[in-house]
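What follows is a short report on a single structure.
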Amino acid sequence: MPAIPMLFSNKFNVLLLWKCLCLLVVLVGCNPPGEPVKCSTKDSNCTVTNSYGMFPDRAICRAGNVAYPTSEQELVSIVSAATKSKRKMKVVTHFSHSIPKLVCPDGQDGLLVSTKNLNRVLKTNTEAMTMTVESGVTLRQLITEAAKADFALPYAPYWWGLTIGGLLGTGAHGSSLWGKGSSVHDYVVEMRIVSPAKAEDGYAKVWVLNERDKDLDAAKVSLGVLGVISQVTFKLQPLFKRSITYVRKDDTDLGDEAVTFGKLHEFADIFWYPSQRKAIYRIDDRVPINVSGNGVYNFTPFRSTLSLVLALVRSSEETQESSGDAEGKCLNAKLMTSTLQSSAYGLTNNGYPVIGFHDRLQSSGTCLDSLEDSLITACPWDPRIKGEFFHQTTFSIGLSVVKSFIQDVQKLVSMDPKSLCGLELYNGILMRYVKASTAYLGKQEDAIDFDITYYRSKDPMAPRLYQDVLEEIEQMALFKYNALPHWGKNRNLLFDGVMKRYKNGGEFLKVKNKYDPWGLFSSEWTDQVLGLRNGVTILKEGCALEGLCVCSQDVHCAPSKGYLCKFGKIFSDARVCARVNTKT
C-alpha cells in the first residue's frame, strides 16, 4: 500500500508540496491505467505485464495471442480449441495487479485469456443473501451492486481495482479475525471453472463447485492453475454501518498489543512506523444502522496525482538513494506520515469517530476513475510515467509467534534508528489480521499480515539504502518464523520452498492434476512455486539485490559498489547484501 514519498529535505518546501498535493488529488482527474496486454497486430504477437510494468525478475512475458470472451459459452470454446492443440494458456485480468509472474505463459506462443469482458453481475438472491458475478467483475462493482440491494461483502482488500477472479486466485483479504475472517475466498459458496478436458468431453469442461464439494477448497485460492474461473457466488450480509477512529501510540508495547488488538475490534489494523517508534491503531467496529454519519474513505495514496509532481518526487528519492541521504529520508518520512494522519488517511473527518455505511468505507481507488487526459495525471505507480517504482514484501506470521518477530524488528531498528525511514516514505508497515482458512492454499493459522513497500531502483545492480536490514527482515520472516507469502505480491525469495508450509498442499496438487492433467494452465514459474520443479531462486550477478536469491557468494551483491554478502545482525542465519564496512 504505497504512499507518495517526499520531494525535498527542506521542511518548509516539503510541507508546501504536501499542501499542494492535498489540493491536487481533490481537484484533478486521473488518467486510467494502461492495458496489461499489448499486441503488435490485432490480438496477436503480444506481451503482458502487471500494473507496475515490471515483474520481480524484470522478464518480458510474451504470448502468441489474446482472447476476450464475453460469456461462459465463448470461454468454453476458447479453452476447447487451445486444449485440442495442447496450447499453453494463462488468465489475465483487466488491471493485472499481481506482482509475481502469474500471467506469464511458457514460451512465446501461448494464449492469454482475458476476463476483461466477463464483467456482469448475473444474479442477486435476496432471500439467500447471495450474489453471482462473472470473474472479471471488479471488487468495486461487487461492493456497489451489493449495496444497491442493501447487502455487503463483509471483508475485502483496501484497493478496489481488483477483479473477482484475480483476488480469489491470490487469496486477497482485508483485515479481521472475526467470523470467517478477512479473506474474500471464505465467503464463496459456489464457483464455476472452465478447465481442459479429454476429446470425448469436447476438450473443455465446466466444473460447478459448491460448499459440499471438497474441490472448492482448492479452487478458492488456485493461482490460476486449475483453469478459468467463469462465475462466482458470494454469501453476503445485510448492509451495516461502521465507526472508525485512528489512535497514535508509541510502539513500545506493539508486540503485546498486536496479539490482542484484532480480537477487540472487528476491522482492526495497524500502521507501524518503526524508525519513528510509533504505531497507528485503527479502532473500527460495526455500529447500529441508525447511528448518524455518512463518512467516506478515499485513501489518500490511491488518489490521482499530477505526473509532473510524481516525477519530481521520484527524482528526489533517487537522489537521496545515490547520495546516501538517510537523514533526509527520515525528515521527509515524518512530514509525510504526519500529513496523512492529519488528513485521517483520506476519511471524511470532522473529528473522530468517522461513521458511515460499510460500502463507503471498506475499499477505495479513485485514481482509476477518470477519462484519458494525456497522462497529465495518473495513479502514482503508473509505469507510463516517471512515478513510484517499488518492491512489496508481504507475508503473514502466526499470532503465536508474532510478538517475537516484532521485537526482532525493533532490535534491528535500535541498532540504527534511520534504517527503516525508507519504509515510512511509503506509509510504513501495514499490519492486517487474517484468519485460518479451509482453502488448501489459504492461511494456515490466525496471523498478522505485514505489508512492506520500499524503493526499487531502475538499475537492478544498484543497492538500496539499508539493503541489509530489509533483507534480514525478509529472511528472518521466512526462515525463522515460517512466514507465508501473499500470493499476489513479493519477490521470488519469499516463494522458495513455500509448499512445504501448507498442510494440504498435496491435496491441492491432486486437484490440479484432476482439472488440468496436461498442465496447460501452468507455467515454469507456477511449477517452481508449487514444488514441481526446482525452486524459484535465480542465481546470477546481483540476484540478491532484487530478492531473486539469498547471498551465497559476493557476486550476488554489488561488490563493485562496495556491497558484499554478510551475516545478519541479529538473525545469524541470514545472508544479506551489506556495505563492506557494515558491522555484523
Side-chain angles (χ1 to χ4, degrees), residues 1-36 38 49-55 58 95 97 99 159 161 299-326 328-337 339-340 343 346 365-392 421-427 453-465:
M1 182 174 291
I4 304 169
M6 297 294 88
L7 180 55
F8 306 111
S9 295
N10 179 278
K11 183 174 181 179
F12 173 79
N13 285 338
V14 175
L15 198 54
L16 179 62
L17 173 64
W18 263 98
K19 287 181 179 178
C20 293
L21 280 175
C22 289
L23 290 173
L24 288 170
V25 295
V26 173
L27 296 177
V28 303
C30 177
N31 208 83
E35 292 290 331
K38 294 181 174 59
T49 187
N50 55 28
S51 60
Y52 312 101
M54 190 75 71
F55 294 112
R58 303 185 185 243
F95 299 116
H97 211 70
I99 291 174
W159 166 251
F299 187 54
T300 307
F302 292 168
R303 300 181 189 180
S304 57
T305 309
L306 284 174
S307 298
L308 176 60
V309 171
L310 291 169
L312 292 171
V313 169
R314 175 67 186 187
S315 294
S316 172
E317 191 172 18
E318 289 173 342
T319 299
Q320 288 176 330
E321 284 282 333
S322 62
S323 64
D325 184 12
K329 281 201 168 193
C330 291
L331 173 62
N332 292 350
K334 289 179 181 178
L335 289 166
M336 189 280 291
T337 55
T339 301
L340 283 174
S343 66
T366 53
C367 71
L368 296 177
D369 285 350
S370 298
L371 300 176
E372 296 283 350
D373 67 0
S374 301
L375 289 173
I376 295 173
T377 61
C379 291
W381 53 85
D382 193 314
R384 296 171 297 175
I385 63 168
K386 183 175 182 177
E388 291 182 349
F389 187 58
F390 49 77
H391 286 298
Q392 274 193 313
C421 289
L423 308 185
E424 296 168 9
L425 286 169
Y426 296 82
N427 202 28
T453 305
Y454 50 98
Y455 174 89
R456 185 182 187 185
S457 175
K458 293 289 185 177
D459 177 5
M461 288 299 294
R464 294 179 302 280
L465 276 175

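These numbers were taken from a predicted model, which means no experiment stands behind them. The chain is numbered in sequence order, starting from 1.
- In this structure Ser51 satisfies the side chain to side chain donor-acceptor pair (under 3.5 Å) test together with His97, sequence neighbours excluded.
- For the atom pair CD (Glu424) and CG (Leu340), the distance works out to 12.0 Å, reported to the nearest 0.5 Å.
- Aromatic rings of Phe390 and Trp381 (six-membered ring for Trp) have centroids beyond the 6.0 Å cut-off, not under it.
- Annotation for Cys421 and Ala333: closest pair O-CB, 3.7 Å, computed over non-hydrogen atoms.
- Qualifying salt bridge (charged side-chain N to carboxylate O under 4.0 Å, His left out) partners for Arg456, counting only residues two or more places apart in sequence or in other chains: Glu546.
- When all heavy atoms of Gly161 and Leu368 are compared, the pair lying nearest together is CA-CD1, 3.5 Å.
- The distance from the SG atom of Cys330 to the CG atom of Leu425 is 8.5 Å, given to the nearest 0.5 Å.
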With side-chain contact (heavy atoms from CB on, under 4.5 Å) as the test, would you mind laying out the steps for Gln320 and Asn332 before giving the verdict?
CA-CA 11 Å; Gln320 288 176 330; Asn332 292 350; 3.0 Å; yes

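- Considering only residues two or more places apart in sequence or on other chains, Lys334 meets the salt bridge (charged side-chain N to carboxylate O under 4.0 Å, His left out) condition with none of them.
- The side-chain contact (heavy atoms from CB on, under 4.5 Å) test applied to Pro463 returns Gln467, Leu545, Ala558, Lys561, Tyr563, not counting sequence neighbours.
- Checking side-chain atoms of Ser315 against main-chain N and O of Ala311 turns up a donor-acceptor pair under 3.5 Å.
- Nearest heavy atoms, Ile385 versus Ala378: CD1-CB, 3.8 Å.
- Smallest separation of non-hydrogen atoms from Cys379 and Trp159: SG-CH2, 4.5 Å.
- Remark: Leu312 CG to Leu306 CG distance equals 10.5 Å, nearest 0.5 Å.
- By the side-chain contact (heavy atoms from CB on, under 4.5 Å) test, Thr49 pairs with Phe55, sequence neighbours left out.
- By the ring-ring contact (aromatic ring centres under 6.0 Å, His included) test, Tyr454 pairs with His391, sequence neighbours left out.
- For Thr337, the side chain to side chain donor-acceptor pair (under 3.5 Å) partners two or more places apart in sequence, or in a different chain, are Gln276.
- Checked against salt bridge (charged side-chain N to carboxylate O under 4.0 Å, His left out), Glu321 has the following partners two or more places apart in sequence or in another chain: Lys329.
- The heavy-atom pair separating Pro460 from Arg58 by the smallest distance is CB-NE, 3.5 Å.
- Distance check: Glu318 CD to Lys386 NZ gives 4.0 Å after rounding to the nearest 0.5 Å.
- At least one donor-acceptor pair under 3.5 Å links the side chain of Ser307 to the backbone N or O of Leu375.
- In this structure, the separation between CG on Asp325 and OG1 on Thr319 is 9.5 Å, given to the nearest 0.5 Å.
- Nearest approach of Thr305 to Pro380, heavy atoms of both residues: OG1-CG, 4.2 Å.
- Taking OG of Ser304 as the start and CD1 of Ile376 as the end, the distance is 12.0 Å to the nearest 0.5 Å.
- A distance of 6.0 Å or more separates the ring centres of Tyr455 and Tyr426.
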